[in-house]
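Given the structure is predicted, the values throughout are model-derived calculations rather than measurements. Order of the sequence lines fixes the chain letters, A, B, ..., with proteins taken first and strands second; residue numbering starts at 1 for each chain.
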There are 2 protein chains.
Amino acid sequence: MEEVAISVLVSSLNPQGRESARDTVYRALRHDILHLILKPGTKMSEQEVSERFEVSRTPVREVFMCLMQDGLVEIYPQRGTYVSLINLEYLEEGRYVRELVETAVISEAAGRLSEDDLFRLETTLAAQEISCRNKDYLRMLALDDHFHATIFRACGRARTWEAVSQLSHDFYRARVLRLSHDFNWDTIVRQHYAIFEGLRKGDKEQVARVVREHLRMAIMDRERLRKEFPDYFVQP
Amino acid sequence: MEEVAISVLVSSLNPQGRESARDTVYRALRHDILHLILKPGTKMSEQEVSERFEVSRTPVREVFMCLMQDGLVEIYPQRGTYVSLINLEYLEEGRYVRELVETAVISEAAGRLSEDDLFRLETTLAAQEISCRNKDYLRMLALDDHFHATIFRACGRARTWEAVSQLSHDFYRARVLRLSHDFNWDTIVRQHYAIFEGLRKGDKEQVARVVREHLRMAIMDRERLRKEFPDYFVQP
DNA sequence: TAAGGTATACTAGTATGGCAGTTTCGTGCT
DNA sequence: AGCACGAAACTGCCATACTAGTATACCTTA
């Protein structure tokens with residue numbers, strides 16, 4: 001059921017439907033990095049990955065390049081490729097831009113969504129409630145992003161969402177990191193409902209306010225995170 | 001003297017200083033596509049490119065991948081790779097996001113720039129006046145971007161600028177296209193001066209207003225462009 | 001024992017060849 | 001003349017071999 005997140009992330013790889021070895025490896029590694037299965041700072045050898053996926057080094061190499069462009073790995077020629085560390089400055093930058101763009105886009109969307117769009121959002125909300133009850137946090141995270149992505153797409157801003165997401169990789173990883181701890185997803189679901197209602201009623205003020213609140217809530221205690229996982233972060 | 005633009009564009013390819021064959025080809029092709037030397041819709045064969053740059057097909061392949069991620073080419077497996085057409089929707093989307101982000105960032109920057117930053121901006125302005133007098137339009141374009149990039153970088157938002165630029169490739173190509181026609185760069189330089197003054201005085205209102213005006217001015221007559229270069233654009 | 005230099009085992013970068021699709025164009029048949 | 005078929009010439013995809021640069025462990029030497 002990871003497809004919710006993945007379909008958003010990859011999408012633009014192959015104009016046709018077919019999936020190359022490259023796409024497979026790219027999806028897998030990207031997923032593993034974003035979900036901290038591959039921990040920041042880990043060394044990734046082309047050889048090792050090519051053996052794990054049973055492909056040659058060529059597609060792996062290309063995947064590494066893409067991941068570097070995404071800012072997810074760093075390649076040091078003749079030395080090695082490493083999962084990039086989480087950069088708190090990048091994190092804040094991503095969050096800031098997202099707040100900026102999303103409040104604007106969502107105000108624009110208020111009252112303009114089609115019945116179809118609203119249905120999609122409501123369905124996602126239902127899924128969120130279930131996942132929340134089951135304490136399936138990773139799926140919650142995916143659905144959270146899916147909710148926001150749907151709104152962007154509904155206003156014809158799919159590319160904007162992708163660009164903003166691109167900038168928010170460290171934000172995402174930090175959110176995953178925080179999952180191991182507490183955190184009340186109830187609040188998030190409630191906020192989503194508030195956004196949904198605001199969108200339906202067309203209340204620009206409300207949706208902008210809630211979204212801002214929603215994203216600011218995600219400003220977690222960074223120092224604590226850094227204390228707890230010191231070698232996951234770049235030192236300032 | 002293209003370095004002004006290029007250094008901004010590439011930057012993050014190689015953590016070290018050295019440049020691989022891949023980087024060279026990437027830079028060159030990217031430049032050629034953005035400046036319409038390679039026209040939208042052109043077929044690009046791996047073979048042809050590898051011969052032109054006297055490298056093997058492997059780095060060329062990798063460059064094609066990167067360009068696809070940038071949205072500058074489209075790869076159809078077993079058929080060919082083509083320079084992507086300009087999409088007016090993407091163009092407007094890029095312009096919209098840029099307006100949104102840049103007005104916010106620049107208001108934030110007002111009154112907070114260091115002497116060093118202001119000096120850099122003023123130097124760029126001087127260069128612009130010269131290029132304007134010489135009617136060196138391509139350099140004007142590069143300097144225009146450089147001016148804005150400098151502001152972003154000065155507020156520690158370099159990555160934001162890159163992400164926004166990424167989204168603005170079609171916007172950029174359209175600007176290049178328009179260069180062949182009229183257009184009063186004087187106005188642009190004057191606006192830049194106004195921005196500069198506003199930044200120095202710390203007048204948030206002024207800079208935001210001018211930037212918005214500045215970017216809206218770039219809303220060119222799209223229909224005319226499409227009429228004139230019909231096969232450069234995707235049909236809606 | 002400690003320091004320095006060298007050999008070796010890595011790394012990523014590049015070149016090349018073979019494969020499997022797709023397109024194109026020429027040939028032969030109707 | 002027009003249409004269908006097939007061969008050939010592309011395309012990108014992947015595997016493999018080789019090059020060159022880097023880190024490290026070990027051995028030599030002072």
Pairs under 3.5 Å (N/O, protein and nucleotides 15-20 of chain C):
from	atom 1	to	atom 2	distance (Å)
dA15(C)	OP2	S56(B)	N	2.4
dA15(C)	OP2	S56(B)	OG	2.8
dA15(C)	N7	T58(B)	OG1	2.9
dT16(C)	O4	T58(B)	OG1	3.1
dG17(C)	O6	R57(B)	NH2	3.2
dG18(C)	O6	R57(B)	NH2	3.3

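- Proximity of T81(A) to the phosphate of dA12(C): a side-chain N or O atom is located under 4.0 Å from OP1 or OP2.
- Between the CD1 atom of I75(A) and the C1' atom of dG13(C) there is a distance of 11 Å, rounded to whole Å.
- Summarising the geometry, the separation between OH on Y76(A) and P on dT11(C) is reported as 16 Å, rounded to the nearest angstrom.
- In this structure, a donor-acceptor pair under 3.5 Å is present between the side chains of R30(B) and Y26(B).
- The CD-C1' distance, from Q47(A) to dA12(C), rounds to 12 Å in whole Å.
- For R22(A), the listed nucleotide lying nearest its side chain is dC13(D); candidates were dC13(D), dG13(C), dG12(D).
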Distance-only criterion, 3.5 Å: show the donor-acceptor pairs between side-chain atoms of residues 81-91 of chain B and protein atoms not counting sequence neighbours.
from	atom 1	to	atom 2	distance (Å)
S84(B)	OG	G71(B)	O	2.9
S84(B)	OG	L72(B)	O	3.1
S84(B)	OG	R173(B)	NH2	3.3
N87(B)	OD1	E89(B)	N	2.8
N87(B)	OD1	Y90(B)	N	3.4

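- In this entry the distance linking OH of Y82(A) with C1' of dC10(C) reads 11 Å, nearest Å.
- Distances shorter than 4.0 Å separate some side-chain N or O of S45(B) from OP1 or OP2 on dT11(D).
- Here the side chain of R79(A) is nearest to one of dC14(D), dA12(C), dA23(D), namely dA23(D).
- Straight-line distance from the CE atom of M68(A) to the C1' atom of dA12(C): 12 Å, rounded to whole Å.
- Remark: side-chain polar atoms of H146(A) are not paired, donor with acceptor, to backbone N or O of A142(A) under 3.5 angstrom.
- Distance CG (L67(B)) to C1' (dG12(D)): 15 Å, rounded to an integer number of Å.
- Side chains of S114(A) and D117(A): a donor on one and an acceptor on the other come within 3.5 Å.
- In this structure E93(B) satisfies the salt bridge (Lys or Arg N to Asp or Glu O under 4.0 Å) test with no other residue, sequence neighbours excluded.
- One interatomic measurement links the two molecules: CE of M44(B) to C1' of dT11(D), which rounds to 14 Å at whole-angstrom precision.
- A donor-acceptor distance shorter than 3.5 angstrom exists from the side chain of Q128(A) to the backbone of L143(A), with no hydrogens or angles considered.
- When rounded to the nearest whole Å, the span between CD of E62(B) and P of dA12(C) equals 12 Å.
- Put simply, the side chain of E99(B) never gets that close to the backbone of R216(B): no donor and acceptor are under 3.5 Å apart.
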